[in-house]
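Encoded as structure tokens, the structure appears first; notes follow it.
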Amino acid sequence: MAGGSRSPGASVTSRVLAVLGAFDAAHPALTLSDIARRSGLPLATTHRLVAELVTGRALARAADGRYTIGVRLWEAGLLSPLHTRLREVALPYLQELYTTVRENVHLAVWDGDEALYVEKVTGHRSVPTISRAGGRLPLHATGVGKALLAFAPPEVIAAHLRRPLRRCTAYTVTEPGRLARELATVRERGWARTHEEMTLGSCSVAVPVRDADGAVVAAIGVAGHSLGAVPQRLVPALRAAADGVAARLAETAQSSTSPVWRTSA
């Protein structure tokens, strides 16, 4: 179940959020029964809320009877600082990086216990990967995730290491001690890498993006099946992109009235 509560004291807002939270990258279209099951709400309540959300264009009903996220939420999402500040600033640098490496280029931020992919730049020469803009993947199994996790405050890292770490492949690092040592290495050298930890046959390299105060606010990574025997050869290009994004963010922060985004650790 994606979320929600059967508590009779749940507010209307929490129930609406539970309905919207039923949708994710793996479930972009749902039947009414699917929404009720995944949100944890009674079917009658779900029917009423979904009807109101369709009227308000927050949800849309497809020809096959299933529901999808509506245009009104898409319009609202474009107002998020993640889009208006981070993504728009970073996109030219991501595109330039792609022309250099010709592999999948990712921009991600930390959200909860996952890496939230804000943007992905790819092409017909890139090997398909499971990542997608708006999707989420585990921090400990991805290059961008490790680049974010390594530079978190020590107490946040410790709390994350106490959580169950999902084994995505036989090569995923799930032992807390081993992962802690790897994160220390990432902090020392300034970049992270994975080898078939999220998907068999796929490797990644990533670096952090810092704000004007030096805090890590995002990560840029390259992922693919053909990064070569020495994937760290991509680090200079990644660092150039990250430095460019950081400098541009600092410039826009001085002139922008938009709030700075903050994601939850």
Side-chain angles (χ1 to χ4, degrees), residues 25 74 77-78 80-111 114-137 139 141-151 186 189-212 216-253 255-256 258 261 263:
W74 176 76
L78 294 180
S80 165
L82 276 177
H83 177 83
T84 59
R85 289 281 304 278
L86 179 59
R87 179 185 173 278
E88 290 186 353
V89 164
L91 190 54
Y93 298 96
L94 303 180
Q95 292 170 333
E96 183 176 356
L97 178 60
Y98 172 77
T99 63
T100 300
V101 301
R102 296 295 178 181
E103 290 285 2
N104 300 286
V105 174
H106 298 133
L107 173 70
V109 297
W110 180 323
D111 189 35
E114 298 172 305
L116 171 61
Y117 285 70
V118 178
E119 185 57 90
K120 175 180 180 179
V121 178
T122 189
H124 68 276
R125 293 180 55 184
S126 304
V127 176
T129 61
I130 64 173
S131 59
R132 60 180 293 276
R136 299 169 182 269
L137 291 174
L139 289 166
T142 57
V144 288
K146 289 184 179 183
L148 293 166
L149 183 58
F151 294 95
V186 172
R189 69 190 180 193
W191 54 273
R193 66 170 295 184
T194 65
H195 180 74
E196 299 187 288
E197 294 179 44
M198 187 68 238
T199 307
L200 290 176
S202 181
C203 306
S204 64
V205 184
V207 300
V209 177
R210 300 179 183 274
D211 64 12
V216 172
V217 295
I220 296 176
V222 173
H225 293 196
S226 57
L227 300 188
V230 188
Q232 54 265 40
R233 64 186 171 81
L234 302 177
V235 171
L238 279 162
R239 282 182 172 154
D243 290 345
V245 173
R248 186 65 183 134
L249 285 174
E251 293 174 6
T252 59
S255 59
S256 175
S258 299
W261 76 91
T263 53

One pair to check against side chain to side chain contact (heavy atoms under 4.5 Å, CB included): Leu249 and Asp211. What are the steps and the verdict? CA-CA 7 Å; Leu249 285 174; Asp211 64 12; 5.9 Å; no
Closest approach of Ala147 to Ala219 (non-hydrogen atoms, all atoms of both residues): CB-CB, 4.0 Å
Residues at least two apart in sequence or cross-chain that pass side chain to side chain contact (heavy atoms under 4.5 Å, CB included) with Glu196, listed by chain then number, are Tyr171, Leu200
For Ala90, enumerate each residue passing the side chain to side chain contact (heavy atoms under 4.5 Å, CB included) test, keeping only those at least two apart in sequence or located in another chain. Leu94, Leu107, Val245
Within the side chain of Asn104, is there an N or O that forms a donor-acceptor pair under 3.5 Å with the backbone of Gly224? no
For residues Thr100 and Leu234, determine if any side-chain heavy atom of one lies less than 4.5 Å from a side-chain heavy atom of the other. no
Flag, side chain of Thr142 to backbone of Gly145, donor-acceptor distance under 3.5 Å: yes
What is the minimum heavy-atom distance between Ala218 and Leu148, and which atoms define it? C-CD2, 3.5 Å
Any heavy-atom pair between the side chains of Val216 and Trp110 that's under 4.5 Å? no
Can you find a pair of side-chain heavy atoms, one from Glu197 and one from Lys146, that are under 4.5 Å apart? yes
Show me the pairs that pass salt bridge (charged side-chain N to carboxylate O under 4.0 Å, His left out) and involve residues 237-246, at least two apart or across chains. none
Heavy atoms of Leu238 and Val207 approach each other most closely as O-CG2, 3.6 Å
Nearest atoms (heavy-atom pairs only) where Ala108 meets Ala115: CB-CB, 4.4 Å
Nearest heavy-atom neighbours spanning Val209 and Ala246: CG1-N, 4.3 Å
Closest heavy-atom pair and its distance - Pro208, Ala242: O-CB, 3.6 Å
For atom CD of Glu114, decide whether the heavy atoms of other residues, nucleotides or ligands shown that lie under 6.0 angstrom number more than 12. yes
Value rounded to 0.5 Å, distance of CZ in Arg136 from CG in Asp111: 4.0 Å
